[in-house]
Amino acid sequence: MSKRTTALILSAFRAAGVEHGAEDAPLPSRLLVAPLGEHDARERGKIIVSTETLTGLAARQAAVKIGPRVALDFEHNTVPGTPAFSAESEPRRVAAWGVLKAVPGAGIYLENLEWTPAGIEAFKGRSYQDISPAVFRREDGTVLAVHSVGLVRHGEIEGLTLEAAAAPRPLAPFFAALSAYESPSSTESMQ
(Lines give C-alpha, C1' and ligand atoms only; values in the text may rest on other atoms or scores of the structure.)
Protein backbone atom coordinates (compact mmCIF):
# COMPACT_ATOMS: atom_id res chain seq x y z
CA MET A 1 0.00 0.00 0.00
CA SER A 2 1.36 3.44 -0.76
CA LYS A 3 0.64 6.83 0.63
CA ARG A 4 0.85 9.88 -1.58
CA THR A 5 2.78 12.88 -0.37
CA THR A 6 1.31 16.27 -1.06
CA ALA A 7 3.83 17.96 -3.31
CA LEU A 8 1.38 20.08 -5.29
CA ILE A 9 1.82 23.83 -5.40
CA LEU A 10 -0.38 26.68 -6.58
CA SER A 11 1.81 29.30 -8.27
CA ALA A 12 1.49 32.23 -10.61
CA PHE A 13 3.93 33.41 -13.22
CA ARG A 14 4.22 36.03 -15.93
CA ALA A 15 2.88 34.36 -19.05
CA ALA A 16 2.78 37.33 -21.42
CA GLY A 17 2.24 41.01 -21.77
CA VAL A 18 -1.20 42.37 -22.59
CA GLU A 19 -1.48 43.60 -26.16
CA HIS A 20 -3.91 46.48 -26.03
CA GLY A 21 -3.85 47.64 -29.64
CA ALA A 22 -5.43 50.91 -30.77
CA GLU A 23 -7.86 52.70 -28.44
CA ASP A 24 -10.82 51.78 -30.64
CA ALA A 25 -9.68 48.18 -31.19
CA PRO A 26 -12.15 45.49 -30.15
CA LEU A 27 -11.51 43.61 -26.92
CA PRO A 28 -9.70 40.32 -27.45
CA SER A 29 -11.81 37.20 -27.50
CA ARG A 30 -8.80 34.94 -26.97
CA LEU A 31 -5.59 35.21 -24.90
CA LEU A 32 -2.58 32.91 -24.67
CA VAL A 33 -2.37 32.50 -20.88
CA ALA A 34 0.18 29.69 -20.44
CA PRO A 35 2.63 29.29 -23.32
CA LEU A 36 4.20 25.91 -23.99
CA GLY A 37 7.65 25.59 -22.45
CA GLU A 38 9.58 26.11 -19.25
CA HIS A 39 9.07 29.36 -17.34
CA ASP A 40 11.33 30.73 -14.62
CA ALA A 41 9.58 31.59 -11.38
CA ARG A 42 12.83 32.59 -9.72
CA GLU A 43 13.20 31.15 -6.21
CA ARG A 44 9.90 29.30 -6.68
CA GLY A 45 11.47 27.09 -9.33
CA LYS A 46 10.32 26.36 -12.81
CA ILE A 47 6.82 26.13 -14.20
CA ILE A 48 6.45 23.75 -17.13
CA VAL A 49 3.62 23.77 -19.64
CA SER A 50 4.23 20.54 -21.56
CA THR A 51 2.50 18.11 -23.88
CA GLU A 52 1.45 16.25 -20.72
CA THR A 53 -0.15 19.45 -19.42
CA LEU A 54 -2.12 19.93 -22.61
CA THR A 55 -3.12 16.28 -23.07
CA GLY A 56 -4.87 15.87 -19.74
CA LEU A 57 -5.95 19.42 -19.02
CA ALA A 58 -9.70 18.97 -19.56
CA ALA A 59 -9.85 15.85 -17.37
CA ARG A 60 -7.90 17.51 -14.55
CA GLN A 61 -9.99 20.68 -14.73
CA ALA A 62 -13.07 18.45 -14.37
CA ALA A 63 -11.44 16.53 -11.49
CA VAL A 64 -10.95 19.72 -9.49
CA LYS A 65 -14.49 20.81 -10.36
CA ILE A 66 -13.27 24.09 -11.81
CA GLY A 67 -14.12 23.00 -15.32
CA PRO A 68 -12.90 24.69 -18.44
CA ARG A 69 -14.55 28.08 -17.67
CA VAL A 70 -12.37 30.25 -15.42
CA ALA A 71 -12.09 33.84 -14.30
CA LEU A 72 -9.79 36.44 -15.78
CA ASP A 73 -9.46 38.38 -12.54
CA PHE A 74 -7.60 41.40 -11.23
CA GLU A 75 -4.24 40.77 -9.47
CA HIS A 76 -5.37 37.22 -8.48
CA ASN A 77 -8.25 38.52 -6.36
CA THR A 78 -10.15 35.23 -6.80
CA VAL A 79 -7.32 33.10 -5.35
CA PRO A 80 -7.76 32.44 -1.62
CA GLY A 81 -4.60 33.24 0.33
CA THR A 82 -3.48 36.15 -1.85
CA PRO A 83 -3.32 39.78 -0.67
CA ALA A 84 -5.80 40.78 -3.39
CA PHE A 85 -8.26 38.13 -2.18
CA SER A 86 -7.97 39.43 1.39
CA ALA A 87 -8.50 43.02 0.24
CA GLU A 88 -11.88 42.26 -1.37
CA SER A 89 -15.11 40.63 -0.36
CA GLU A 90 -17.72 38.75 -2.36
CA PRO A 91 -18.66 39.21 -5.06
CA ARG A 92 -15.09 39.34 -6.36
CA ARG A 93 -14.48 41.63 -9.30
CA VAL A 94 -13.72 39.74 -12.49
CA ALA A 95 -12.50 41.22 -15.79
CA ALA A 96 -13.88 38.43 -17.97
CA TRP A 97 -14.88 34.78 -18.03
CA GLY A 98 -13.35 32.44 -20.56
CA VAL A 99 -12.95 28.81 -21.55
CA LEU A 100 -9.54 27.13 -21.27
CA LYS A 101 -8.35 25.40 -24.40
CA ALA A 102 -5.19 23.32 -24.77
CA VAL A 103 -3.62 24.01 -28.15
CA PRO A 104 -0.85 21.60 -29.22
CA GLY A 105 2.35 23.40 -30.11
CA ALA A 106 1.21 26.64 -28.44
CA GLY A 107 -0.04 26.21 -24.85
CA ILE A 108 -3.21 27.08 -22.96
CA TYR A 109 -5.55 29.74 -24.28
CA LEU A 110 -8.45 31.46 -22.55
CA GLU A 111 -11.08 31.70 -25.28
CA ASN A 112 -14.61 32.99 -25.85
CA LEU A 113 -13.93 35.82 -23.42
CA GLU A 114 -17.05 37.46 -21.99
CA TRP A 115 -15.87 40.81 -20.64
CA THR A 116 -17.49 42.46 -17.62
CA PRO A 117 -17.98 46.24 -17.39
CA ALA A 118 -15.08 46.40 -14.89
CA GLY A 119 -12.90 44.39 -17.28
CA ILE A 120 -13.76 46.56 -20.25
CA GLU A 121 -12.87 49.71 -18.31
CA ALA A 122 -9.59 48.25 -17.02
CA PHE A 123 -8.56 46.85 -20.40
CA LYS A 124 -9.44 49.94 -22.42
CA GLY A 125 -7.89 52.14 -19.70
CA ARG A 126 -4.67 50.09 -19.99
CA SER A 127 -4.60 49.53 -16.23
CA TYR A 128 -2.82 46.17 -16.51
CA GLN A 129 0.21 45.20 -18.57
CA ASP A 130 0.70 41.48 -17.91
CA ILE A 131 -1.14 38.17 -17.85
CA SER A 132 -0.44 35.75 -15.00
CA PRO A 133 -2.10 32.32 -14.67
CA ALA A 134 -2.56 30.78 -11.21
CA VAL A 135 -1.66 27.15 -11.87
CA PHE A 136 -1.53 23.97 -9.85
CA ARG A 137 1.79 22.27 -10.50
CA ARG A 138 3.81 19.34 -9.33
CA GLU A 139 6.97 19.82 -7.36
CA ASP A 140 8.93 19.24 -10.60
CA GLY A 141 7.13 22.24 -12.13
CA THR A 142 4.69 20.46 -14.47
CA VAL A 143 1.39 22.33 -14.69
CA LEU A 144 -1.64 20.15 -13.97
CA ALA A 145 -4.56 22.60 -13.85
CA VAL A 146 -5.45 26.30 -13.93
CA HIS A 147 -7.33 27.98 -11.07
CA SER A 148 -7.75 31.35 -12.78
CA VAL A 149 -5.82 33.92 -14.78
CA GLY A 150 -4.96 37.39 -13.53
CA LEU A 151 -4.61 40.69 -15.27
CA VAL A 152 -1.70 42.11 -13.29
CA ARG A 153 0.44 45.22 -13.22
CA HIS A 154 3.63 43.19 -12.93
CA GLY A 155 3.64 39.54 -13.93
CA GLU A 156 6.19 38.36 -11.40
CA ILE A 157 3.97 38.09 -8.34
CA GLU A 158 6.22 37.59 -5.33
CA GLY A 159 4.85 35.23 -2.74
CA LEU A 160 2.09 33.66 -4.83
CA THR A 161 3.14 30.12 -4.05
CA LEU A 162 0.74 28.11 -1.93
CA GLU A 163 1.71 24.58 -0.98
CA ALA A 164 -1.06 22.09 -0.29
CA ALA A 165 -0.23 21.74 3.40
CA ALA A 166 -0.44 25.49 4.01
CA ALA A 167 -3.19 26.40 1.56
CA PRO A 168 -6.36 28.09 2.80
CA ARG A 169 -9.35 25.80 3.37
CA PRO A 170 -11.19 26.80 0.13
CA LEU A 171 -8.28 25.42 -1.92
CA ALA A 172 -8.06 22.04 -0.11
CA PRO A 173 -10.52 20.22 -2.43
CA PHE A 174 -8.50 21.25 -5.49
CA PHE A 175 -5.28 19.85 -4.04
CA ALA A 176 -7.04 16.65 -2.98
CA ALA A 177 -8.53 16.07 -6.44
CA LEU A 178 -5.21 16.69 -8.19
CA SER A 179 -3.19 14.44 -5.87
CA ALA A 180 -3.97 11.50 -8.16
CA TYR A 181 -1.96 13.25 -10.89
CA GLU A 182 1.27 13.56 -8.92
CA SER A 183 4.35 12.01 -10.45
CA PRO A 184 5.28 8.47 -9.39
CA SER A 185 8.41 9.81 -7.68
CA SER A 186 6.23 11.62 -5.17
CA THR A 187 4.81 8.44 -3.65
CA GLU A 188 6.17 6.74 -0.60
CA SER A 189 5.86 3.13 0.43
CA MET A 190 4.20 2.58 3.74
CA GLN A 191 4.73 -0.54 5.82
>> For the OG1 atom of T82 and the CG atom of D73, what is their distance to the nearest 0.5 Å?
In response: 8.0 Å
>> Minimum heavy-atom separation for T142 and S50, please, with both atom names.
In response: CG2-OG, 4.1 Å
>> Using 0.5 Å steps for rounding, measure from the CG atom of L110 to the CG atom of L31.
In response: 6.5 Å
> Is it true that E111 and R69 make a salt bridge, defined as a side-chain N closer than 4.0 Å to a carboxylate O?
Replying inline: no
> Can you check whether A95's main-chain N or O pairs, donor with acceptor, with T116's side chain at less than 3.5 Å?
Replying inline: yes
> Should L27 and L72 be regarded as members of a common hydrophobic cluster, given that ILVMFWY residues are connected when their side-chain heavy atoms come within less than 4.5 Å of each other, either directly or indirectly?
Replying inline: yes
>> Is it the case that the side chain of T53 and the backbone of V143 share a donor-acceptor pair, with hydrogens and angles ignored and the cut-off at 3.5 Å?
In response: yes
> Are any of the side-chain nitrogens in R60 or E52 under 4.0 Å away from the carboxylate oxygens of its partner?
Replying inline: no
> Are any non-hydrogen side-chain atoms of V135 and H39 less than 4.5 angstrom apart?
Replying inline: no
> Who passes ring-ring contact (aromatic ring centres under 6.0 Å, His included) against Y109, sequence neighbours left out?
Replying inline: none
>> Given 3.5 Å as the limit, does a donor-acceptor pair link the side chain of T55 with the main chain of T51, or not?
In response: yes
> Just checking, is any N or O donor in the side chain of S132 or H76 under 3.5 Å from an acceptor N or O on the other one?
Replying inline: yes
>> For the CG atom of L151 and the CG atom of N77, what is their distance to the nearest 0.5 Å?
In response: 10.0 Å
> Closest heavy-atom contact between I47 and A12?
Replying inline: CD1-O, 4.3 Å
> Short question: side chain of E75, backbone of R153 - any donor-acceptor pair under 3.5 Å?
Replying inline: yes
> Do I108 and L54 pass the side-chain contact (heavy atoms from CB on, under 4.5 Å) test, and can you show the C-alpha distance, the side-chain angles, and the key distance before you say yes or no?
Replying inline: CA-CA 7 Å; I108 302 170; L54 302 181; 3.7 Å; yes
> What closest approach, in Å, do S148 and V79 show between heavy atoms, and which atom pair accounts for it?
Replying inline: OG-CG2, 3.5 Å
> CZ/F136 to CD/Q61 distance, rounded to the nearest 0.5 angstrom?
Replying inline: 8.5 Å
> If you look only at pairs with a residue in residues 92-103, which of them pass as a side-chain hydrogen bond (donor to acceptor under 3.5 Å, both in side chains), with sequence neighbours excluded?
Replying inline: E88-R93, E90-R92
> About how many Å separate CG of L100 and CD1 of I66, when rounded to the nearest 0.5 Å?
Replying inline: 8.5 Å
> Any idea which heavy atoms bring K46 and D140 closest together, and the distance?
Replying inline: CE-O, 3.5 Å
> CZ of R137 to CG of L144: how many Å apart, nearest 0.5 Å?
Replying inline: 10.5 Å
> Do you know which two heavy atoms are closest between A122 and F74, and how far apart they sit?
Replying inline: CB-CE2, 3.6 Å
>> Taking V149 as the starting point, is it possible to reach L113 by hopping between hydrophobic residues whose side chains are less than 4.5 Å apart?
In response: yes
>> Does R30 form a side-chain contact (heavy atoms from CB on, under 4.5 Å) with V103? I'd like the steps, not just the answer.
In response: CA-CA 12 Å; R30 180 182 199 221; V103 178; 3.8 Å; yes
> So which heavy atom on A71 is nearest to which on V94, and how close?
Replying inline: CB-CG1, 4.0 Å
